[in-house]
Structures are given as structure tokens and as C-alpha cells.
Amino acid sequence: LFLQSTPATSIPPVQVQGQQINLQPPSYTAASQHAEQMKKPGQNFMCLWQSCKKWFQTPSQVFYHAATEHGGKDVYPGQCLWEGCEPFQRQRFSFITHLQDKHCSRDALLAGLKQDEHGQAGNQKPSNK
């Protein structure tokens, strides 16, 4: 039986200290584990999950990040911990829908950022006091 259907352009898994690591294409930048809270140009949407505060370029990147990093089957705490959300108990699939509808639409993300800005010292706009 001959099972070589992968094209020659695919990236083979890399062996690092005995573990197999699959390289991801650079279209999704998850490599900023240490540089969280550092906003890069073009990143206008923030994950407002409890103490996450990572920046992304599009609402769909925020949704993908939140669904996998906070709503994954091994990490989901059983309720939504998004800033300002009521912590109802939810099944994971219900949570994913809730996340997309209530928190990860463009409007919801922008509204959440405005609230977050007012909650802090508002380092973007000078205060008019």
C-alpha cells in the first residue's frame, strides 16, 4: 500500500527535543505569547477575555483565538469570562455560538474597546477635565 499523496511543497514536521512540531503557515500569528498587550499597527481588535488582552487584526482572528484558547475542550471553564459578561453556566458549543454572536462581531469588539478605554486612564485621548 502506497500512501504518499502529500505534495512536495508541504512542510514536514520538525523534530525538536524528541517532540514532533508541525510548522504553521505565517497567516495566523500565534507566536506572540510573550508580546501580548503589545499592539502592532493594524491590530485594532482586542480579546477581552479575563486578563488576556491580546490584539488582533480582524474580528474573525479574535473569535478564532477566543474559541480555541479560551473555549477549547481542555481549557473552557464552563462559563464566559469575557469582560462585562454575566458568568452563566454554558455548554461549550453554546458558548462558541454566544462568543461569535455577543463578543466577536466587529461592533461588539469596538464597543468593548471603548468601554475598556474609559475604564483605564484613556491613554489614547486626552481627558477634558
Side-chain angles (χ1 to χ4, degrees):
L1 193 60
F2 193 64
L3 293 175
Q4 184 119 26
S5 62
T6 49
T9 56
S10 74
I11 305 166
V14 183
Q15 290 281 341
V16 178
Q17 296 172 349
Q19 293 182 323
Q20 233 189 39
I21 296 174
N22 289 314
L23 298 172
Q24 291 180 329
S27 61
Y28 178 73
T29 51
S32 59
Q33 296 301 74
H34 300 293
E36 47 212 70
Q37 301 186 16
M38 285 299 295
K39 183 179 177 188
K40 298 188 182 78
Q43 291 185 324
N44 298 315
F45 301 97
M46 183 195 279
C47 175
L48 294 175
W49 189 264
Q50 183 178 300
S51 72
C52 180
K53 303 277 198 276
K54 287 186 180 155
W55 288 97
F56 298 89
Q57 291 184 344
T58 64
S60 60
Q61 283 178 341
V62 179
F63 172 67
Y64 177 80
H65 156 81
T68 56
E69 296 293 311
H70 307 306
K73 70 175 162 47
D74 297 329
V75 294
Y76 176 56
Q79 58 194 39
C80 181
L81 298 179
W82 199 268
E83 264 180 30
C85 189
E86 295 183 9
F88 294 129
Q89 289 296 314
R90 283 187 177 86
Q91 294 297 317
R92 206 173 130 249
F93 292 112
S94 170
F95 162 72
I96 299 295
T97 309
H98 161 82
L99 188 65
Q100 191 166 27
D101 293 346
K102 295 282 185 278
H103 301 307
C104 293
S105 72
R106 183 181 180 85
D107 292 344
L109 286 165
L110 292 172
L113 272 185
K114 285 199 176 66
Q115 286 177 336
D116 197 52
E117 227 171 64
H118 295 303
Q120 296 169 355
N123 46 0
Q124 304 248 279
K125 300 182 190 104
S127 75
N128 298 332
K129 287 182 185 168

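For the numbers below, each heavy atom of this structure counts, side chains included, while hydrogens, waters and symmetry mates do not. Throughout, numbering of the chain's residues begins at 1 and tracks the sequence.
With rounding to the nearest 0.5 angstrom, the OG1 atom of Thr68 is 12.0 Å from the CG atom of Asp74. Put simply, NZ on Lys39 and CZ on Phe45 are 9.5 Å apart, with the number rounded to the nearest 0.5 Å. From Trp55, atom CH2 reaches atom NE2 of His65 across 12.5 Å, with rounding to the nearest 0.5 Å. To the nearest 0.5 Å, atoms NZ (Lys54) and CD (Gln43) are separated by 11.5 Å. The line from SG of Cys104 to OH of Tyr64 is 13.5 Å long, rounded to the nearest 0.5 Å. Note that NZ of Lys40 and CZ of Phe56 are 10.0 Å apart. Values are rounded to the nearest 0.5 Å.
The two residues Leu99 and Ala66 make their nearest non-hydrogen contact at CD2-CB, 3.6 Å. Scanning all heavy atoms of the two residues, the minimum distance from Leu113 to Met46 falls at CD2-CB, 3.7 Å. Listed here is the closest heavy atom pair of Asn44 and Leu110: O-CD2, 4.4 Å. Between Cys52 and Cys47, the shortest heavy-atom distance links the atoms SG-SG, 3.8 Å.
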Let me have the donor-acceptor pairs involving side chains of residues 81-91, under 3.5 Å, with sequence neighbours excluded, atom names and distances please.
from, atom 1, to, atom 2, distance (Å)
Glu83, OE2, Lys53, NZ, 2.2
Gln89, NE2, Gln79, OE1, 2.8
Arg90, NH2, His98, ND1, 3.3

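Aromatic ring orientation, Trp49 versus His70: parallel (interplanar angle below 30°, classes split at 30° and 60°).
At least one donor-acceptor pair under 3.5 Å links the side chain of Arg92 to the backbone N or O of Gly71.
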Exercise for the section: Give the C-alpha distance, both sets of side-chain angles, the deciding distance and a yes or no for side chain to side chain contact (heavy atoms under 4.5 Å, CB included) between Cys80 and Lys102. Expected result: CA-CA 11 Å; Cys80 181; Lys102 295 282 185 278; over 6 Å; no
